[in-house]
Protein chains: 4
Amino acid sequence: MTARRQAKRRAPARSESERQAKLQTILDAALDIFLEKGFADARLDDVAARAGVAKGTLYLYVPSKQALFEALVRSGIGGPVGAIEQKVPDPDISAEDQLRALFLFLRTEILGTRRRDIVRLLLMEASRFPELAEVYHREVIVRGLRILRGIAERGVARGEFRSDEIARFPQLAIAPALVALLWTSLFQRFDPVDIEAMLETHLTLLMKALKRHPS
Amino acid sequence: MTARRQAKRRAPARSESERQAKLQTILDAALDIFLEKGFADARLDDVAARAGVAKGTLYLYVPSKQALFEALVRSGIGGPVGAIEQKVPDPDISAEDQLRALFLFLRTEILGTRRRDIVRLLLMEASRFPELAEVYHREVIVRGLRILRGIAERGVARGEFRSDEIARFPQLAIAPALVALLWTSLFQRFDPVDIEAMLETHLTLLMKALKRHPS
Amino acid sequence: MTARRQAKRRAPARSESERQAKLQTILDAALDIFLEKGFADARLDDVAARAGVAKGTLYLYVPSKQALFEALVRSGIGGPVGAIEQKVPDPDISAEDQLRALFLFLRTEILGTRRRDIVRLLLMEASRFPELAEVYHREVIVRGLRILRGIAERGVARGEFRSDEIARFPQLAIAPALVALLWTSLFQRFDPVDIEAMLETHLTLLMKALKRHPS
Amino acid sequence: MTARRQAKRRAPARSESERQAKLQTILDAALDIFLEKGFADARLDDVAARAGVAKGTLYLYVPSKQALFEALVRSGIGGPVGAIEQKVPDPDISAEDQLRALFLFLRTEILGTRRRDIVRLLLMEASRFPELAEVYHREVIVRGLRILRGIAERGVARGEFRSDEIARFPQLAIAPALVALLWTSLFQRFDPVDIEAMLETHLTLLMKALKRHPS
DNA sequence: CATGAATGAGGGTTCATTCAT
DNA sequence: GATGAATGAACCCTCATTCAT
């Protein structure tokens, strides 16, 4: 064991962190290419070229094209949900403000960033990668809906909301965000919509429907 | 002479309706395969096998794989929208009932049929077929949103609705249908959701938010 | 036997001569297409379309694409050689005039007609159809060279020619015609050459070389 | 550092000369196959097999079947013409000897080598590759005829030749070489002709026709 | 570790030939 | 006989993966 380590450390031209950095470079390049072409049409030649490495090098970091795709998606999901889980369920603020905070987060941390593209890519390819759909469901969907349900239940419990529709179907609360995501990707260029205003209007309607004493 | 003319003018070996039927068989088979594998991974061998014809036969009906895909999508969109345009804008019934009729139609004519899969396929591949995305936008999205906007505006005009949010962002009214579509395709098998109840709840919330005198 | 004949004669819509006429239509169409595309690139669809028949009909007249090509070439060669054999070896005129008559025939009956294209097609495809090359050699080359050799030998015998080079290598006498054929097909469009003057000059040179008392 | 640089700057895995050698192997193999089958019927599988490489490897050296064909032809033409341009127009020797040198060169460097096959292949396929016909015309025909014309004009100028027929139609001087080329390819196997004697006889005749004082 | 040349299975497309009408 | 829809073998080209350097 020691001997082996020494053998490896004799020329540690690449430390573990350097290796991680290069892997990240590859994942970034892969995201670009996969987004542009989709999984099946993406060529590893292009990924390698964009990452600035030789094609064979990819296989030193990832065992196959499919694994590259999966690593890419896994690295891009989950993180933000954890952040929301930390910040949003603040019992000191109203359910409405919690929802608004959640949407602000969605707009700034997802819809306005590359993560939006990762999610779109995932939606596009999910039916071809059922296992990945399950991971996404478990790591993002379930946790996201749990947060929403928590907000809704607390809203009902403290009398802020009249009814529990969102607790029962939290999907209804983020449905417009899904529309925003797809619209941006597919139609925005020839039929632009003010996404921010749309989401704001959604919250307005939702509050009208839910709040006992609409502000 | 007459006899010869008949010989030359005789009905085509395969009548037009027979040709259409076979084309439909091919389109059906193609939908199955494209849904299962996505456009790029779908093999025309499989399409032909499922349609029960030889591979070369496909090219008697469609000039290329891409054209097959486009024909498939085009054949599956547009029709229902026309039906809705005919039925829904009935001035004799309330805006709420018009919306409910629209959602009933969505559930029974889209979400409950193969058209759901065509739409999902389109969403999956839209970025690879920008022209098709435009066709879909023009033939379905624009017309669908126009119907919704019409309902909303009439609801406001006749005093049934308090405000015009849906007229401004009709996307908000059908957003849950999009969730339903994707959920069904991606997660329903391991996390079933009562789609009908969800959409019903959406309508309930929407009416609470919009109606001047909620029933 | 009689019965069969009667059966056939009951509706002899197509007599033998009609059949021959249709075959000729097909061969003409095939020549056009083969000339335009070469054998391998010619499509029977195009041959059928140009002949005004259905593709399957071709197979009622010819058993395969290769057979069509061979029938075409066979039908287009040989004929003229027979004509020359009849006309040229006129013992009453000088060898020079016989040669001139031969070249006039070449210019007007071969180089200036479709036969030129048939010969070119044959040269192009001969290495792929060795049997056809043999037929051409036997039916055209051998007979043509025999005519030339006959002229040359008579010229020597009657003292008109000094030597027997052309009797030994009659190919030398028609070599410029081959140049004319290929030049016309390949280079004439961007580097035009006065073919008639070239052949005339060839004869002039040849007479200078051969004749005892150049005129 | 130096070591690393060497690692990055090391000679290409395959040196340029190795690459050229392999390309030549492929071109040689392609010539065999194209000659045997013609362009359209040649299969890249066979080219690869004969070259001893995998099919995909061909595409590392040439972008398409057509480009392979064109590379093959281009690599085989032009070179010898340059050599002749250097050697033949020697003002110290007679026009006759220049012509004889030219024919010797033709026999040993073209007719007796693979270049003969390349020319034949070009003639066979020229109508399918009009651009290539132009290249050949420009790089070979024009230059070759210019050499002949130069010899002829000098022959006239110095009084060696009586007349200028060859200066006007230099094609007449090499026409027998074309016959030799085609005869060798098409008929030689069942009707052998002494090509060397034929060309020698051609020169004899030509000198008789042209020279003021035949030797 | 890194490279990139080489591999070869795979798939879209064509088209000569067949055959039911 | 004539038709033309159907067939399916064949072939060019791509690209994920391997491996000698």
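Small disclaimer: the values here were computed from a predicted structure and weren't measured. Proteins get letters first, then strands, A, B, ... in listed order; numbering begins at 1 in each. Every heavy atom of this structure was used, including side-chain atoms; hydrogens, water molecules and symmetry mates were not.
- Note: NZ (K65(B)) to P (dT14(F)) measures 15 Å, nearest angstrom.
- Comparing dA16(E), dA5(F), dC13(F) by their nearest atom to the side chain of L60(B) picks out dA5(F).
- Residue A42(C) is in sugar-phosphate contact alone, with no base atom involved, counting any heavy-atom pair closer than 4.0 Å across all strands shown.
- If you check dC11(F) for Watson-Crick or wobble pairing at under 3.5 angstrom, you find it paired to dG12(E).
- Residue T57(B) places its side chain closer to dA6(F) than to any other of dA6(F), dT7(E), dT17(F).
- Base pairing of dA20(F): its partner is dT3(E), meeting the Watson-Crick or G-U wobble criterion (both donor-acceptor distances under 3.5 Å).
- Between E18(D) atom CD and dA20(F) atom P there is a gap of 16 Å when expressed in whole angstrom units.
- Take the nearest nucleotide of DNA chain E for G56(A) and for D45(B): the residue whose nucleotide is more 5' is G56(A).
- For L44(B) and dA9(F), the CG to C1' distance is 16 Å, given to the nearest whole Å.
- Remark: the backbone N or O of A49(A) is not paired with any side-chain donor or acceptor of K55(A) at under 3.5 angstrom.
- The CZ-C1' distance, from R19(D) to dA5(E), rounds to 10 Å in whole Å.
- For the pair K22(A) and dC1(E), the criterion of a side-chain N or O lying under 4.0 Å from OP1 or OP2 is not met.
- Considering only side-chain atoms of Y59(B), the nucleotide from dT17(F), dT14(E), dT3(F) that sits closest is dT14(E).
- Between the CD1 atom of I33(A) and the C1' atom of dC15(F) there is a distance of 14 Å, rounded to whole Å.
- Atom CG in D46(A) sits roughly 15 Å away from atom P in dT17(F) (whole-Å rounding).
- Taking only side-chain atoms of V53(D), from C-beta outward, the nucleotide of dT7(E), dG12(E), dA5(F) with the closest atom is dT7(E).
- Atoms CG (L58(D)) and P (dC11(F)) sit 15 Å apart, rounded to a whole Å.
- One finds the OG atom of S185(D) at 8.0 Å from the CG atom of L35(D) (value rounded to the nearest 0.5 Å).
- Note on E125(B) versus R128(A): salt bridge recorded, some NZ/NE/NH1/NH2 to OD/OE distance being below 4.0 Å.
- In this structure, a donor-acceptor pair under 3.5 Å is absent between the side chains of Q24(A) and Q20(A).
- Phosphate contact (OP1/OP2 of dA6(F), side-chain N/O of Y61(B), threshold under 4.0 Å): present.
- Between D41(D) and P63(D), the residue anchored closer to the 5' end of DNA chain F is D41(D), taking for each the nucleotide with the nearest heavy atom.
- For R43(B), taking side-chain heavy atoms from C-beta onward, the closest of the listed nucleotides dG1(F), dG11(E), dT18(F) is dG11(E).
- In this structure, L68(A) atom CG and dA16(F) atom P are separated by 11 Å, rounded to whole Å.
- Within the nucleic acid shown, K55(C) comes within 4.0 Å of at least one base atom, counting heavy atoms only.
- Side-chain atoms of E18(C) come within 3.5 Å of backbone N or O of S15(C) as a donor-acceptor pair.
- At least one donor-acceptor pair closer than 3.5 Å links the side chain of K65(A) to the backbone N or O of A42(A).
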